[in-house]
Amino acid sequence: MDRAMKSSNAIRSWEITSETNYLNRRQFLRETGLVAGAGIASVVLPGRLLADVRDLETVPGPYSTDEKPNSWQDITTYNNFYEFGTGKEDPYQNAQAFVTRPWTVKVSGECDQPGDYHYEDIVSPHTLEDRVYRHRCVEAWSMVVPWVGFPLGDLLKRFSPNSDAKYVRFKTLYDPKQMPGQRRRVLNWPYVEGLTIHEAMHPLTLMVVGIYGRTLPNQNGAPLRLVMPWKYGFKGIKSIVEIEFTRRQPRNSWQISAPREYGFYANVNPEVDHPRWSQARERRIGGGLFAAKQPTLMFNGYADQVAQLYAGLDLRKHF
Ligand SMILES: Nc1nc2c(c(=O)[nH]1)N[C@H]1C(S)=C(S)[C@@H](COP(=O)(O)O)O[C@H]1N2
Ligand SMILES: [Mo]
């Protein structure tokens, strides 16, 4: 196979293989109750694309939905990652050469253990869990994604936040040489995001390092990104290089660029329309062009777990 063919958009055998292996492995785990060893799902990967995508050792985590996961193809070719372009296929096309090792995360602010932490220091003390979550973009499309990660709160506790740590602010890498989208001011770079400390410590909130039992493809936010399934996808900041504990509520990139359209909370709320479109329904990616839209659930279906975080808040005002 020549280089041109390898980088074409055709579905490659490994894209299928990685799903099949994952599904087989989950079934295997359920049946045997065993933890997967690194070798179980090994497949031969082509050298050039996704050279960094490797099998991860994981255990089944809690909170997974029974909905059918989207395909590897859907999840890795239909993305929002404006650092690599604003088109849905741009991140897949433009992020393949993105260098994610070595990777350092700077931890600062209201905590007793600030410092620069290597990717390995961040990840290695944690058990990686498979968690299948609903994923909904404010643009009214949705997917179901088998993430691999660990609770963000378990990581944050290691930095010993103090009693003034009311919020946590995250920042994406700023590197216009590698991230062609950052050469245009479509957003105020670098991308930033913020959570309340209670949202950050919630057991549903994941620091994600993989998909389908493999390391995270660059276009999905390698090597580290957030996922909070009850929030619009934009809260899931990708390629994180900074974590800061703050006293005051941080703004996020979308709020900075369009404060009327995007708020701090961004809880999935079918009753609060985006100013330019309805939030009541969503289009499941992979369902085909003519598939009916499905109703959007309050907190994306995670109300039982998270509604108490917002007790007393007017969710129309705090959108
Ligand atoms: N750094 C960064 N993080 C980001 C974005 C982005 O443009 N840059 N887009 C957000 C939006 S709008 C969505 S819907 C999700 C998409 O995640 P996915 O591509 O893995 O589905 O990433 C979020 N995180
Ligand atoms: Mo989004």
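In listed order, ligands and their atoms are each counted from 1. Since we're looking at a predicted model, the values are computed, not measured.
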Trainee: Tell me which protein heavy atom sits closest to atom 24 (N) of ligand 1, plus the residue, atom name and distance to 0.1 Å.
Mentor: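 It is G236 O, 2.9 Å.
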
Trainee: With side-chain contact (heavy atoms from CB on, under 4.5 Å) as the test, would you mind laying out the steps for E139 and Y232 before giving the verdict?
Mentor: CA-CA 9 Å; E139 293 163 341; Y232 291 113; over 6 Å; no

Trainee: Give the contacting part of E139 toward ligand 1: side chain, backbone, both or neither, where contact means a heavy-atom distance below 4.0 Å.
Mentor: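 Neither; no heavy atom under 4.0 Å.
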
Trainee: Looking only at non-hydrogen atoms, which of G221, C137, P91 approaches atom 14 (S) of ligand 1 most closely?
Mentor: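 When every heavy atom of G221, C137, P91 is considered, C137 comes closest to atom 14 (S) of ligand 1.
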
Trainee: Please indicate whether R183 has more than 12 foreign heavy atoms, meaning atoms of other residues, nucleotides or ligands, lying under 6.0 Å from its CZ.
Mentor: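 Enclosed: over 12 neighbouring heavy atoms sit under 6.0 Å from CZ of R183.
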
Trainee: Polar-atom distance check: N220 versus ligand 1, any N or O pair below 3.5 Å?
Mentor: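 Yes, N220 has an N/O under 3.5 Å of an N/O on ligand 1.
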
Trainee: Could you say whether the N/O atoms of Q219 and ligand 1 ever approach to under 3.5 Å?
Mentor: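 No; the residue has no nitrogen or oxygen that sits under 3.5 Å from a nitrogen or oxygen of the ligand.
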
Trainee: Just to confirm my output: which protein heavy-atom neighbour is closest to atom 20 (O) of ligand 1, and how far is it?
Mentor: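 The answer is R225 NH1, 2.9 Å.
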
Trainee: Report the distance from atom CD of Q219 to atom CD of E89, rounding to the nearest 0.5 Å.
Mentor: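 Taking CD in Q219 and CD in E89, the distance rounds to 10.5 Å.
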
Trainee: Passes side-chain contact (heavy atoms from CB on, under 4.5 Å), S142 versus H135? Steps please.
Mentor: CA-CA 6 Å; S142 66; H135 181 50; over 6 Å; no

Trainee: Report the nearest protein non-hydrogen atom to atom 3 (N) of ligand 1: residue, atom name, distance rounded to 0.1 Å.
Mentor: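 Checking every protein heavy atom, the shortest distance to atom 3 (N) of ligand 1 gives K238 N, 3.2 Å.
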
Trainee: Among all protein heavy atoms in this structure, tell me which lies nearest to atom 7 (O) of ligand 1, with the distance rounded to 0.1 Å.
Mentor: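 In this structure, atom 7 (O) of ligand 1 has Y82 N, 2.8 Å as its nearest protein heavy atom.
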
Trainee: When only distance counts, is T172 in polar contact with ligand 1, meaning an N/O pair under 3.5 Å?
Mentor: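 Right, the criterion is met.
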
Trainee: Geometry only, no angles: is W141 polar-contacting ligand 1 at N/O separations under 3.5 Å?
Mentor: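 It does not: no N or O of W141 is found under 3.5 Å from an N or O of ligand 1.
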
Trainee: Considering only protein heavy atoms, which is closest to atom 11 (C) of ligand 1, and at what distance to one decimal place?
Mentor: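 Minimum-distance protein heavy atom for atom 11 (C) of ligand 1 reads F234 CA, 3.5 Å.
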
Trainee: Please report which non-hydrogen protein atom sits nearest to atom 21 (O) of ligand 1, along with the residue it belongs to and the distance in Å to one decimal place.
Mentor: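 Looking at atom 21 (O) of ligand 1, the protein heavy atom closest to it is H135 NE2, 2.7 Å.
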
Trainee: Tell me which protein heavy atom sits closest to atom 15 (C) of ligand 1, plus the residue, atom name and distance to 0.1 Å.
Mentor: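 Going atom by atom, the protein heavy atom closest to atom 15 (C) of ligand 1 ends up being G233 O, 3.4 Å.
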
Trainee: Which residue holds the protein heavy atom closest to atom 8 (N) of ligand 1, what is that atom called, and what is the gap in Å?
Mentor: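 Its nearest protein heavy-atom neighbour is E83 OE1, 2.8 Å.
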
Trainee: With atom 6 (C) of ligand 1 as the reference point, say which of F170, Y191, Y262 has the nearest heavy atom.
Mentor: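 Looking at heavy atoms only, Y191 sits closest to atom 6 (C) of ligand 1.
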
Trainee: Flag N80 as yes when one of its N or O atoms lies below 3.5 Å from any N or O atom of ligand 1, and as no otherwise.
Mentor: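 Yes, N80 has an N/O under 3.5 Å of an N/O on ligand 1.
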
Trainee: Is the side chain of T172 donor-acceptor paired with the backbone N or O of K238 at a distance under 3.5 Å, no angle test?
Mentor: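 At least one qualifying donor-acceptor pair exists.
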
Trainee: For F245, does the six-membered ring have the charged nitrogen or CZ of R169 within the cation-pi criterion, i.e. under 6.0 angstrom from the centroid and within 45° of the normal?
Mentor: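 No - R169 does not lie over the ring of F245 by the 6.0 Å and 45° rule.
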
Trainee: Salt bridge between K293 and E282, side-chain N to carboxylate O under 4.0 Å?
Mentor: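 Between E282 and K293 there is no salt bridge, as every charged N stays at least 4.0 Å from the carboxylate O atoms.
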
Trainee: State plainly whether the residues D116 and K106 are in salt-bridge range, i.e. N to O under 4.0 Å.
Mentor: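 Salt bridge: no.
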
Trainee: Is the charged tip of R101 near the ring of Y119: under 6.0 Å from the six-membered ring centre and within 45° of its axis?
Mentor: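 Judged by the rule, R101 and Y119 form a cation-pi pair.
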
Trainee: Given the side-chain rings of W254 and Y262, with only the six-membered ring counted for Trp, is the space between their centroids under 6.0 Å?
Mentor: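 Yes - the distance between ring centres of W254 and Y262 falls below the 6.0 Å cut-off.
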
Trainee: Side chain or backbone, does L187 bring an N or O within less than 3.5 Å of an N or O on ligand 1?
Mentor: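 Between L187 and ligand 1 (N or O atoms, distance only) the closest approach is not under 3.5 Å.
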
Trainee: Donor-acceptor pair, H118 side chain versus E120 backbone, under 3.5 Å?
Mentor: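 No: the side chain of H118 does not pair with the backbone of E120.
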
